[in-house]
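One structure is given here, and the rest of the page talks about it.
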Amino acid sequence: MAEEAAAVHIGRIAKQWGKKRGSLIMMLHAIQDQRGYVPRDAALELARQVDVPLARIYEVLTFYNYFKTSSPGKAVVSVCTGTACHLKGAPDILAALGEELGVADGEASEDGNFHLQSVRCVGCCGLAPVVTVNATVYGKVKPAEMRGIIGQWQDRIDAGEL
Amino acid sequence: MAEKADIGTLAAEERNAQAARKARLFCCGSTGCLSSGGGAIANALTEALAGHGLADAVDVVPTGCMGLCSLGPLVRVEVPGRDPVLYKEVDPMIARLIVAEHVVPAAGAGDEGFELPAFFTEHILPMDIPFFTKQTKVVLADSGRVNPERIEDYLAADGYQALQNVLANMTPQAVIELIADSGLRGRGGGGFPTGQKWGFARQAEPVNGEKFIICNGDEGDPGAYMDRSVLEGNPHAVLEGMLIAAYATGATEGWFYIRAEYPLAVDRVEKAIKQARRNGLVGKNILGSDLNVDCQIRLGAGAFVCGEETALIHSIEGQRGTPRPRPPYPSVQGLWDRPSVVNNVETLANVPAIIRNGPEWFHAMGTETSKGTKVFALTGKVEHSGLIEVPMGMHLREIVEDIGGGNPADKPLKAVQTGGPSGGVIPVDQLDVPVCYEQLTQLGSMMGSGGMIVMDADDSMVEIAKFYLGFAVDESCGKCAPCRIGGTQMLALLQKVTDGKATLDDLDLIRRLSRAMQQASLCGLGQTAPNPVISTLRYFEDEYMEAVIVYSDPSSQDWTPRGT
């Protein structure tokens, strides 16, 4: 059933974009927006529906940092590593989060709930250093505050909100 | 075909409606202020106004960036006949107080005097501080004044007048000459004269009846958010600039390429295009003329190299964003091999103002070779971190010390970095230079797209060089060897320096590798990637030498004789 729903979803994306020029990246965005990443089955389904070789899809998918090919977990914790954040202690923030979650940069926690990553400038340089969890932005953060932030999200996960 | 809308009437109606308001409250709704809680402020203001029965008499206007991002969320209160007041670090509680203690009494006080209660003092940001008074706003003039999600607001601020004027009274050639006369140069970093670029595109024959205008909104420099702020704060100005460019060059379709990491900017441009289309400003027979241009958006997907125009074009085509050798330049052979003009967001945003005010007005600002203003994202170790716009030719020291307000920690400043991973550092004793394309290049940095990062004594220049080079290495697309291999090798050498294991030979090798990358790389990314290293070596060689000297000291534990 879930697979059918996915096929329908991709069908809709293919219908909206399939005939437009230069739409492959837009279709991959649409898939990732819906599912959090671009699963292999979705890429296969897209290849079938818009008649593009799978290799061509992966060629693009793996070139761009933004696209994920594995599930990112419920709460994606991103540490901005733009210059302003770097100068104001982003490496310390990343270390504190790594310690708190017990993972390294780019890894997911064992229970799959949290995914820690360093990201390119998010453009909130006036608020440096910046951490985002999913779409929530935390500005002017300190390493000692990381435990509290993770705790809030753990509570939300425990409450089944995510 | 009947004209769909008379934009003059819409503008007049909006101006009348605004003038009838007892007060207008502007709250910053850009990514920066929304992140620091700005989303709740507009709601709190609206609810409070309703509570006082003023819902219809007072506007709450969500706007683009007001500039002082580090003190957000910002709210500006304008009551006719009184000086505007700017509030900083507003929370919902303060928002309710602003309505109860400022808006209600001030709006009701008539001609009598009105004094703000003293308890507001710590939330009021004086508007006569150098951060505001030393700026000159052209591109950002309406950011913070108009609601970016309402075309009526933009129309009331003289929006689309330039387009109307161009279509009714000017030939495409005349538009190109006017822009050339103004001296406008590309704001994405390259600094190529815009009029000239448009001229090349004008001459190029359409292929299959098509020619494109592309807006480069792939702002990837770490520490820079000018384009994001312009797209978020005044998307219609960029769109109007694009339409004028389309008319001048003969382009048949417009493309916005915007970073996927900027969802708010994407959303606002999308709305702007829709509203413009509804009002006959985008599509067929624009404003009743023969101009037919439709506009579309394509998203980036996290690749810095896509800021390079040929890589960007590949990305719009839905391919890997790798660059290709130029010539042929995009103005001859670009998107899907059609002639294409690629202009930066800020460049296009300048165009309507130049048409409205005339080329002389624009030409009068700036230096001999760099005209107009430049938007910078001033960040790092300064008191006032935010989005600023200054006339070209202003001295860097004035920007950092007056507008930026100097270092909050009172530590001595060390350097200012401009141009991001493609630029370099300028040491603090050389800050008395005017901001212009040539001067900054001469100092070993560059204008770049507008990131300006202030560094103090705490920041190691070798670390900074390594940070930027690491960025370039990560973002190298891997197509050409000088960038792919040279960058990686140079990063390893810098690592050696910071590990205290480098020799003088290594420094020499870094210099040689830099030259090789500059000369042999395929695109701007590789050609400029060594710049942060070269400029730190130029001005802060002592910091490199410290690491090397430690190693050369035989009493040092790690020391092994050279050559063994």
Side-chain angles (χ1 to χ4, degrees), chain A residues 17-18 20-33 38 50 52 55-68 78 80-91 117-133 135-141, chain B residues 31-32 34-36 68-72 219-225 228-229 255 259-263 296-304 306 315-322 335-336 377-381 385-387 417 420-421 451 453-456 458-459 464 467-468 471 474-475 477:
Chain A
W17 289 103
K20 289 186 187 156
R21 291 186 285 191
S23 53
L24 178 56
I25 291 173
M26 301 305 281
M27 292 191 284
L28 294 174
H29 273 299
I31 293 172
Q32 181 157 309
D33 283 351
V38 183
V50 294
V52 169
R56 183 90 173 89
I57 292 180
Y58 270 87
E59 176 194 61
V60 169
L61 201 51
T62 53
F63 179 83
Y64 294 98
N65 283 328
Y66 193 83
F67 293 127
K68 298 187 184 74
S78 308
C80 176
T81 56
T83 319
C85 290
H86 182 80
L87 290 182
K88 293 195 171 173
Q117 59 181 11
S118 57
V119 293
R120 294 285 177 244
C121 188
V122 295
C124 299
C125 310
L127 302 174
V130 171
V131 168
T132 68
V133 183
T136 309
V137 181
Y138 299 89
K140 297 182 188 171
V141 292
Chain B
T31 297
L34 289 180
S35 309
S36 49
L68 236 180
C69 310
S70 54
L71 295 178
E219 177 176 61
D221 277 21
Y225 56 102
R228 194 207 73 208
S229 304
W255 300 80
R259 279 181 81 187
E261 291 88 338
Y262 289 171
Q296 305 203 42
I297 301 176
R298 287 292 180 270
L299 302 188
F304 176 65
C306 288
S315 187
I316 295 184
E317 290 172 350
Q319 304 182 41
R320 290 165 75 94
T322 52
L335 187 58
W336 287 294
L378 181 62
T379 61
K381 309 288 177 68
S385 182
L387 189 74
Q417 209 278 352
I453 294 144
V454 182
M455 298 163 182
D456 68 13
D458 285 348
D459 302 315
I464 294 295
F467 168 79
Y468 280 117
F471 178 88
D474 260 7
E475 292 295 338
C477 77

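Keep in mind that this is a model prediction, so the values were computed, not measured. The figures that follow rest on heavy atoms only: side chains count, while hydrogens, waters and symmetry mates do not. Order of the sequence lines fixes the chain letters, A, B, ..., with proteins taken first and strands second; residue numbering starts at 1 for each chain.
- Without hydrogens or angle criteria, A:Lys68 side chain to A:Val38 main chain gives no donor-acceptor distance under 3.5 Å.
- Checked by atom type and distance alone, the side chain of A:Glu59 never pairs as donor or acceptor with a backbone atom of A:Thr62 at under 3.5 Å.
- Only the side chain of B:Ile464 comes within less than 4.5 Å of a heavy atom of chain A; its backbone N, CA, C and O stay farther away.
- Using a distance-only test at 3.5 Å, with no hydrogens or angles considered, no donor-acceptor pair links the side chain of B:Thr379 to the main chain of A:Cys125.
- For the residue pair B:Ile453 and B:Pro222, the shortest heavy atom distance occurs at CD1-O, 4.0 Å.
- Annotation: maximal heavy-atom pairing with chain B below 4.5 Å, among A:Val130, A:Leu127, A:Leu61, occurs at A:Leu127.
- When atom types are taken as modelled, the side chain of A:Tyr64 and the backbone of B:Gly321 share a donor-acceptor pair closer than 3.5 angstrom.
- With a 4.5 Å cut-off on non-hydrogen atoms, B:Ile316 touches chain A through its backbone but not through its side chain.
- Listed for the A:His29 side chain is no donor-acceptor partner under 3.5 Å among the backbone atoms of A:Phe67.
- For B:Asp458, no part sits under 4.5 Å from any heavy atom of chain A, backbone or side chain.
- Comparing B:Gly386, B:Ala260, B:Ala303, B:Gly380 by heavy-atom pairs within less than 4.5 Å of chain A, the highest count is held by B:Ala260.
- Interface remark: B:Ala377 contributes no atoms to any contact with chain A (heavy atom separation under 4.5 Å).
- Put simply, of B:Ser385, B:Gly220, B:Ser70, the one with the most heavy-atom pairs under 4.5 Å next to chain A is B:Ser70.
- Proximity to chain A (any heavy atom under 4.5 Å) is restricted, for B:Glu317, to the backbone atoms N, CA, C and O.
- Neither the backbone nor the side chain of B:Ser229 comes within less than 4.5 Å of any heavy atom in chain A.
- Using a 4.5 Å heavy-atom threshold, the side chains of A:Thr81 and A:Arg120 count as touching.
- Listed for the B:Arg259 side chain is no donor-acceptor partner under 3.5 Å among the backbone atoms of B:Gly300.
- Heavy-atom distances place no part of A:Thr132 under 4.5 Å from chain B, backbone and side chain included.
- Both the backbone and the side chain of A:Leu87 come within contact range of chain B, with heavy atoms under 4.5 Å apart.
- For B:Arg298, the parts sitting under 4.5 Å from any heavy atom of chain A are the backbone and the side chain alike.
- Only the side chain of B:Tyr262 has a heavy atom closer than 4.5 Å to any heavy atom of chain A.
- Distance check: B:Gln417 CD to A:Thr83 OG1 gives 6.5 Å after rounding to the nearest 0.5 Å.
- With chain B as partner, the option from A:Lys20, A:His86, A:Arg56, A:Lys88 having the largest number of non-hydrogen pairs under 4.5 angstrom is A:His86.
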